Chemist: 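Got a structure here, written out as structure tokens. Questions coming.
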Amino acid sequence: MSKYREMEFSHAVWSVTKKIPKGKVATYSGIARIIGRPKAARAVGNALHVNPFAPVVPCHRVVKKSGQIGGFAGGVKKKIKLLKKEKIKVIKGKIVNFSKVLANF
DNA sequence: GTCGTGACTAGCC
DNA sequence: CGGCTAGCCACGA
């Protein structure tokens with residue numbers, strides 16, 4: 001019986017996001033699935049959007065399932081820049097070698 | 001307790 | 001390719 005008390009959901013999201021290896025990325029639905037809510041991709045985005053650990057959690061490593069960047073609190077441009085710093089190629093807000101940089105938990 | 005919103009996804013045209 | 005709809009979940013007012 002999984003009792004999601006308080007904001008354990010959001011907490012789990014940040015926890016998983018912090019576990020993303022460098023140079024790799026994860027998807028919203030993927031994270032949602034890991035924490036036990038495969039259909040809570042939206043909630044995941046919400047948690048990251050309001051996450052108090054903005055500079056601590058590599059939220060820029062979280063993208064859509066289609067390989068699209070999605071959004072980022074502060075500017076998608078910055079997100080792309082950060083991803084490129086991680087050796088991840090991004091073109092027009094979309095990851096090129098998405099399948100190769102996708103972290104497989 | 002209900003309503004609206006959002007960094008999502010999949011399907012349809 | 002782009003736009004719209006429906007379903008899903010969590011949070012704040």
Side-chain angles (χ1 to χ4, degrees):
Chain A
M1 58 167 144
S2 38
K3 29 197 153 152
Y4 275 108
R5 239 161 259 247
E6 319 270 328
M7 323 153 231
E8 182 155 354
F9 178 83
S10 306
H11 194 276
V13 174
W14 309 326
S15 207
V16 175
T17 306
K18 280 192 284 191
K19 278 152 92 159
I20 300 174
K22 192 176 185 236
K24 301 246 175 155
V25 298
T27 63
Y28 296 100
S29 61
I31 294 172
R33 186 152 82 115
I34 295 163
I35 63 181
R37 294 287 186 278
K39 308 210 170 162
R42 253 172 139 169
V44 173
N46 265 347
L48 288 173
H49 189 208
V50 301
N51 83 75
F53 303 101
V56 182
V57 177
C59 14
H60 60 269
R61 285 188 194 145
V62 185
V63 297
K64 294 196 187 180
K65 205 165 187 204
S66 311
Q68 198 98 36
I69 296 298
F72 186 63
V76 182
K77 252 183 159 124
K78 192 142 183 116
K79 188 164 181 176
I80 295 170
K81 203 171 181 164
L82 288 164
L83 288 170
K84 285 183 131 193
K85 244 173 185 259
E86 308 272 321
K87 308 292 177 226
I88 298 173
K89 290 176 190 342
V90 181
I91 296 178
K92 285 175 194 333
K94 143 173 49 170
I95 295 179
V96 180
N97 41 357
F98 176 57
S99 313
K100 314 205 162 179
V101 298
L102 182 58
N104 211 346
F105 287 94

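Chain letters run A, B, ... following the sequence lines, proteins first and then strands; every chain starts at 1. Everything numeric here is computed off the predicted structure, so don't read it as measured data.
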Chemist: Whole Å only: how far is the CD1 atom of A:Ile69 from the P atom of B:dC8?
Modeler: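 In whole Å, B:dC8 P lies 12 Å from A:Ile69 CD1.
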Chemist: Could you write out DNA chain C as a dot-bracket string, with dots for unpaired bases, | for bases paired across to another strand, and Watson-Crick or G-U pairs counted at under 3.5 Å?
Modeler: .||||||.|||||
Chemist: Supply the atom-to-atom distance A:Leu83 CG to A:Ile69 CD1, rounded to the nearest 0.5 angstrom.
Modeler: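 The distance works out to 5.0 Å.
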Chemist: Ignoring backbone atoms, test whether A:Lys39 places a side-chain nitrogen or oxygen under 4.0 Å from the OP1 or OP2 oxygen of C:dG7.
Modeler: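 A:Lys39 to C:dG7 OP1/OP2: no side-chain N or O under 4.0 Å.
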Chemist: From NZ of A:Lys64 over to C1' of B:dA10, roughly how many Å is that when rounded to an integer?
Modeler: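 It is 12 Å, rounded to the nearest whole Å.
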Chemist: Identify whether any heavy atom of A:Ala40 sits under 4.0 Å from a base atom; if not, whether one sits that close to sugar-phosphate; answer base, sugar-phosphate or nothing.
Modeler: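 A:Ala40: backbone/sugar contact only, no base atoms under 4.0 Å.
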Chemist: Name the residue closer to the 5' end of DNA chain C, choosing between A:Ala43 and A:Lys94 according to the nucleotide with the nearest heavy atom.
Modeler: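 Its nucleotide being nearer the 5' end, the pick is A:Lys94.
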Chemist: From CD1 of A:Ile35 over to P of C:dC8, roughly how many Å is that when rounded to an integer?
Modeler: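 Taking CD1 of A:Ile35 and P of C:dC8, I get 17 Å after rounding.
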Chemist: Under 4.0 Å from OP1 or OP2 of B:dC8: is there any side-chain N or O of A:Thr27 that close?
Modeler: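 For B:dC8, OP1/OP2 do not have a side-chain N/O of A:Thr27 under 4.0 Å.
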Chemist: Can you measure from CG (A:Asn51) to CG (A:Asn46) and round to the nearest 0.5 angstrom?
Modeler: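 Atom-to-atom, A:Asn51:CG and A:Asn46:CG are 11.5 Å apart.
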Chemist: Got a second to check how far A:Lys64's NZ is from A:Lys94's NZ, nearest 0.5 Å?
Modeler: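 NZ of A:Lys94 is found 11.5 Å from NZ of A:Lys64.
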Chemist: Supply the atom-to-atom distance A:Lys92 NZ to A:Ile80 CD1, rounded to the nearest 0.5 angstrom.
Modeler: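 These two atoms lie 10.5 Å from each other.
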Chemist: Mind listing the closest non-hydrogen atom pair of A:Val62 and A:Thr27 along with its distance?
Modeler: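 That would be CG1-C, 4.3 Å.
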Chemist: Roughly how many Å is it from NE2 in A:His49 to C1' in C:dG12, rounded to a whole number?
Modeler: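 Going from A:His49 (NE2) to C:dG12 (C1'), I get 14 Å.
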Chemist: Whole-Å distance between C:dC11 C1' and A:His11 NE2?
Modeler: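 Taking NE2 of A:His11 and C1' of C:dC11, I get 17 Å after rounding.
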Chemist: Rounding to an integer number of Å, can you tell me how far A:Phe9 CZ sits from C:dC8 C1'?
Modeler: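 These atoms are roughly 11 Å apart.
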Chemist: Would you please confirm or rule out a distance under 4.0 Å between OP1 or OP2 of C:dA10 and any side-chain N or O of A:Arg37?
Modeler: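 So the side chain of A:Arg37 is within the cut-off, an N or O lying under 4.0 Å from OP1 or OP2 of C:dA10.
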Chemist: Examine A:Lys19 relative to A:Phe105 and say whether NZ or CZ is less than 6.0 Å from the centre of the six-membered ring and inside a 45° cone about the ring axis.
Modeler: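 Judged by the rule, A:Lys19 and A:Phe105 form no cation-pi pair.
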Chemist: Once you round it to whole Å, what is the distance between P of B:dT9 and CG of A:Asn46?
Modeler: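 Whole-Å distance recorded here is 13 Å.
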Chemist: Would you mind reading off the distance between A:Ile34 atom CD1 and B:dC8 atom C1', rounded to a whole angstrom?
Modeler: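 Whole-Å distance recorded here is 15 Å.
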Chemist: Among the candidates B:dG6, C:dC11, B:dA7, find the nucleotide nearest to the side-chain atoms of A:Ser10.
Modeler: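 Taking heavy atoms from C-beta onward, the closest nucleotide is C:dC11.
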Chemist: Roughly how far, to the nearest 0.5 Å, is the CG atom of A:Asn97 from the CD1 atom of A:Ile88?
Modeler: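 Interatomic distance, A:Ile88 CD1 to A:Asn97 CG, rounded to 0.5 Å: 7.5 Å.
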